[in-house]
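Contents: one structure, followed by commentary.
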Protein chains: 2
Amino acid sequence: MQDQLKLDNFICFAVYTASHALNRVYKPLLETLGLTYPQYLAMVSLWEQDGQTVGGLGEKLFLESSTLTPLLKRLETAGYVRRERSREDERVVVIRLSEEGIRLKEKAIGIPGCIAAASGRDAVDLTRLQAEIVALREALNRSVV
Amino acid sequence: MQDQLKLDNFICFAVYTASHALNRVYKPLLETLGLTYPQYLAMVSLWEQDGQTVGGLGEKLFLESSTLTPLLKRLETAGYVRRERSREDERVVVIRLSEEGIRLKEKAIGIPGCIAAASGRDAVDLTRLQAEIVALREALNRSVV
DNA sequence: CGTTTTTATATCGCGCACGATTTATTATCG
DNA sequence: CGATAATAAATCGTGCGCGATATAAAAACG
């Protein structure tokens, strides 16, 4: 049990460093789109469903408004989205893709394939691993609440 | 192939959100030690091997000096480590645990068990998943270089 | 042996990421 | 209806995390 406190045996360390490794693979690909990695995730979510609220995006991306508000302002400055207060409920801010934001999707379509290639795994294997990691995330989120 | 650009099918998104979920589980545990999560990882590495250089730590933790230098200064301010320039090579900074830093290990010993419990998996299963994620990280790191 | 190159760390600027708080709006309750 | 509570974003302060650059020391070279 000596190795209880060895870094290489930490699932957390594996996830932490894998996350950084993914970021490093993504960075050069996303630079061509003028996006950071979290900005890219927000765009992907908006391509799936346009007109989401800040809170709705936060729930999907597991991010707080304190993270999203400045991020979305940068996306607005970049010209990819518009931020509009809802008329029905003035507390809510709705995020809508601009024309340029919609067009960006075409340039982004190839990225997941690049990542899959870099991972050196086939699609089936990746899907299985991805499901396992999601299950881990869900178990952890349940334990906090 | 419509779902090529769906967030839930992204391995990167799974890892990204799992990493945040782990951080949320760790946070309250680490607060009792007065450490952040990256600081904790640095301490674990030092408990394994005291007297590492900034560069050596960076290689183990996959972090740059621009991240580590301020982090280690904060650990020094907290009284857990000392930063000393090597006499043989004045470019190198060696990090040594203080008495308090050494003692902290006892308080940290139970944390991995808490995380394992929160994950809801047995040790064997966690080890297997951890190895898979490490393999993913290594494949990604190879593809960048 | 002096110049150039390499190496190790530090500094700077930017963008997350979060907890705590603030502000504005809506909902609830007596 | 008016006071209170709840909700949605925004703001603020702190700590990563990295690329680019700076600084200083050591190594390599002619």
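A note on names: the letters A, B, ... follow the listed sequences, proteins ahead of strands, and every chain is numbered from 1.
When the side-chain nitrogen and oxygen atoms of B:Gln39 are compared with OP1 and OP2 of D:dG15, none of them lie within a distance under 4.0 Å.
Between A:Phe10 and A:Tyr16, the distance from one ring center to the other does not fall under 6.0 angstrom.
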* Asked: Just by protein heavy atoms under 4.0 Å, how would nucleotides 4-11 of chain D read 5' to 3' in B, S and -?
  -> ---BSBBB
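Within 4.0 Å (heavy atoms only), B:Glu31 reaches no atom of the nucleic acid at all.
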* Evaluation steps, salt bridge (Lys or Arg N to Asp or Glu O under 4.0 Å), between A:Glu132 and A:Arg128 -> CA-CA 6 Å; A:Glu132 281 212 78; A:Arg128 183 189 51 72; 3.3 Å; yes
Per-pair distances, 0.1 Å, donor-acceptor, side chain in residues 73-81 of chain A, under 3.5 Å, sequence neighbours excluded:
unit_1, atom_1, unit_2, atom_2, d
A:Glu76, OE1, A:Arg83, NH1, 3.3
A:Glu76, OE2, A:Arg83, N, 3.1
A:Thr77, OG1, A:Lys73, O, 2.9
A:Tyr80, OH, A:Leu33, O, 2.9

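A heavy-atom distance below 4.0 Å to DNA chain D is reached by these residues of residues 11-21 of chain A, ordered by number: A:Tyr16, A:His20.
The footprint of chain A on DNA chain C, defined by a heavy-atom cutoff below 4.0 Å, extends from C:dG15 to C:dT26.
When rounded to the nearest whole Å, the span between CG of B:Leu71 and C1' of D:dT14 equals 13 Å.
You'll find the side chain of B:Ile95 stays beyond 4.5 Å of the side chain of B:Arg82, heavy atoms only.
Listed by chain and residue number, B:Gln52 satisfy the side chain to side chain donor-acceptor pair (under 3.5 Å) test with B:Ser45 (two or more places apart in sequence, or in another chain).
At most 12 heavy atoms of other shown residues, nucleotides or ligands fall within 6.0 angstrom of atom CD in A:Glu59.
Between the two ends of the helix from C:dC1-D:dG30 to C:dG30-D:dC1, each summarised by a five-pair axis, the helix axis turns through 0° (rounded to 10 degrees).
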